[in-house]
Amino acid sequence: MSNYEYPGWFTERIVSLEEAMNTLVKSGSVVASGFATNEPHAFYEKLWDHIQANDIHDLNIRQALFMAPHKVLFGDTFSARGKLEGLAASSGPLKGLASKINAVTKKLDGLGRLIAHYKELQERRIVFTSPFIGAANNVIIPPNAITNALYPEFVGRNTTRMGITDMQSVHFPDGTFALGYDSDNNPKIHTWIQVMTPPNEDGELSLGPANGANSEIVDKILEKNDANILLFINPKYPFTRGHADAPNTLHIERLKGLAEKGRLFVVMDDSRIPFMPKGSFDNPKPEEVKIAENVVNHIEMNLRYTAGRAIQVGIGGTGVLAIKALKNASWSGRIYTEMLEPFTYELLESGKIAGSHFIRRDGTREQLDGKIVCTFSMAEEGSDFYSKLHNNPRVVLATASRVVISEGFYYGMGINNILSIDFNAQVNSGGRFKNHHSGIGGAAQIHRGLTKGGISYLLLKSTYRGLDGREVSAITPFLPEGTPVSINGPDMLGGRENSRVFLVTEYGLAQVNGLSQSQFVRTAIGLAHPKFREQLKRRAWEEFRIKV
């Protein structure tokens with residue numbers, strides 16, 4: 001980073017984190033923060049202690065995709081202890097039995113602490129409004145004799161059905177008007193919390209590894225100075241740039257008006273940059289490996305229509321496995337994606353990817369050779385990926401409203417994960433057991449774009465475990481009650497300009513667009529787990545008089 005000398009009006013707004021929170025986070029406040037890897041880690045690490053110390057209630061926190069198990073999410077769950085820790089750690093004759101008892105009682109203690117935390121969030125009326133959730137919000141309380149007896153009102157639910165996480169089901173590019181502003185351009189929030197790099201020698205600050213809706217919300221606040229900004233300046237963040245009229249930076253002077261109104265609060269920060277856990281892709285399940293192999297083999301065997309396309313990969317381990325395998329394949333092409341992870345970047349470094357493109361506001365497509373366009377990035381803890389992004393002219397990070405739009409994916413090739421599909425070709429990628437599991441993200445926008453002349457691979461593990469532990473088919477006659485639909489049947493079975501939609505499981509791959517319902521049902525059953533095929537054939541006849 002440069003040794004930029006901050007102007008006086010800016011240094012006057014520098015405060016401690018404690019001072020900022022005491023001023024901005026009060027009962028009745030609405031606060032929002034940057035998406036995913038732009039999460040203000042230091043803020044969320046201190047938030048729960050601040051809430052308890054100041055007896056805060058009626059707090060609305062707007063955040064998409066928490067990246068760490070903060071105390072505000074889990075309380076002191078991770079301080080759980082077993083009843084026989086000393087004996088379990090000994091070398092005596094009862095060590096084995098003590099270890100088992102200790103493990104069980106530690107789980108029970110942790111569950112009790114988690115439920116107590118959830119109850120306190122409910123009592124304080126602290127709500128997380130979010131269009132996308134991850135593991136931190138997706139803890140489902142399992143049904144069993146103990147939980148049914150002790151916590152019946154929580155069994156089978158995650159926070160999206162506890163009144164704690166208030167899901168905001170919107171497409172990724174619509175985040176600005178979901179989280180930050182209404183249709184009349186009035187702010188929905190009191191304070192926006194943003195992490196940025198220190199200014200470079202030109203006075204430009206960068207949003208770092210993720211944008212999403214961040215830059216647009218900041219721009220709107222700075223237009224009218226009608227909300228607070230709590231700005232964390234963190235030198236650990238990579239300095240990244242946008243393109244043309246979609247910047248991922250802003251000049252420090254743009255903050256002056258907000259500062260003069262006393263609405264800018266600056267915290268000098270050196271906390272960790274958000275990462276995925278180390279080894280996130282190291283131990284894939286056999287079915288995930290097989291699905292990835294099916295995709296890559298198909299790409300390789302059909303280079304006549306797969307080569308040269310701009311590839312995209314979504315969040316999820318199976319799709320990333322396919323990207324890793326492409327490095328050693330003969331395929332080559334271009335890139336246009338919502339998420340950038342290390343393995344896609346390696347394709348650029350290895351010469352497999354020639355460049356990307358950008359959609360200007362007038363709708364024209366500008367070719368960007370030697371570059372990657374995305375709206376956010378993710379790295380594993382301990383990797384050097386973020387350092388590769390720092391001041392890298394080959395990487396373009398821009399707001400989701402300019403990247404995750406259907407026209408950007410026309411004639412491209414997408415690899416995305418889904419959770420289940422039914423005989424009406426209704427696709428679920430966002431929930432199970434009536435609980436929101438993630439969110440729609442860019443699923444529909446990307447798929448709709450790919451169905452204009454493109455190729456869409458939808459990756460599905462053929463089974464999953466129900467709440468009772470039993471194996472369930474992910475291909476089913478009807479999606480269960482309460483399941484959110486990410487892609488509807490016509491979008492799955494339709495398409496224009498020679499587009500191709502492929503459903504992929506560990507048992508094979510098949511093109512499904514252009515099929516009638518009977519053809520689709522027969523095709524889907526052929527991709528189902530063998531143990532469920534006869535049952536699915538019976539249901540096909542019972543429900544639709546389709547003979548398989």
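Only this structure's heavy atoms are used, side chains among them; waters, hydrogens and symmetry mates stay out.
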Could you work out, with side-chain hydrogen bond (donor to acceptor under 3.5 Å, both in side chains) as the rule, every residue matching [X], not counting sequence neighbours?
{"X": "Asn211", "value": "Ser215, Asn248"}
{"X": "Arg448", "value": "Asp491"}
{"X": "Gln367", "value": "Arg334"}

Requested in this report: Evaluate ring pair (Phe, Tyr, Trp, His ring centres under 6.0 Å) for Phe177 paired with Tyr181, printing each intermediate quantity in order.
Outcome: CA-CA 5 Å; Phe177 287 97; Tyr181 279 78; 7.4 Å; no
Parallel, tilted or perpendicular: which fits the ring planes of [X] and [Y], with parallel below 30° and perpendicular above 60°?
{"X": "Phe502", "Y": "Tyr305", "value": "parallel"}
{"X": "Phe35", "Y": "Phe172", "value": "tilted"}
{"X": "Phe275", "Y": "Tyr386", "value": "tilted"}

So, [X] and [Y], do they make that salt bridge, N to O below 4.0 Å?
{"X": "Glu346", "Y": "Lys327", "result": "yes"}
{"X": "Lys236", "Y": "Asp270", "result": "no"}
{"X": "Glu366", "Y": "Arg360", "result": "yes"}
{"X": "Glu216", "Y": "Arg402", "result": "no"}
{"X": "Lys71", "Y": "Glu45", "result": "no"}

Report task. Examine distances only and state if a side-chain atom of Glu380 and a backbone atom of Ser280 form a donor-acceptor pair shorter than 3.5 Å. Result -> yes
Report task. Look only at the side chain of Asp219 and the backbone of Ile217, and say whether a donor-acceptor pair between them is shorter than 3.5 Å. Result -> no
Report task. Could you go through the side chain to side chain contact (heavy atoms under 4.5 Å, CB included) check for Tyr4 and Glu201 one step at a time? Result -> CA-CA 6 Å; Tyr4 183 85; Glu201 60 276 7; over 6 Å; no
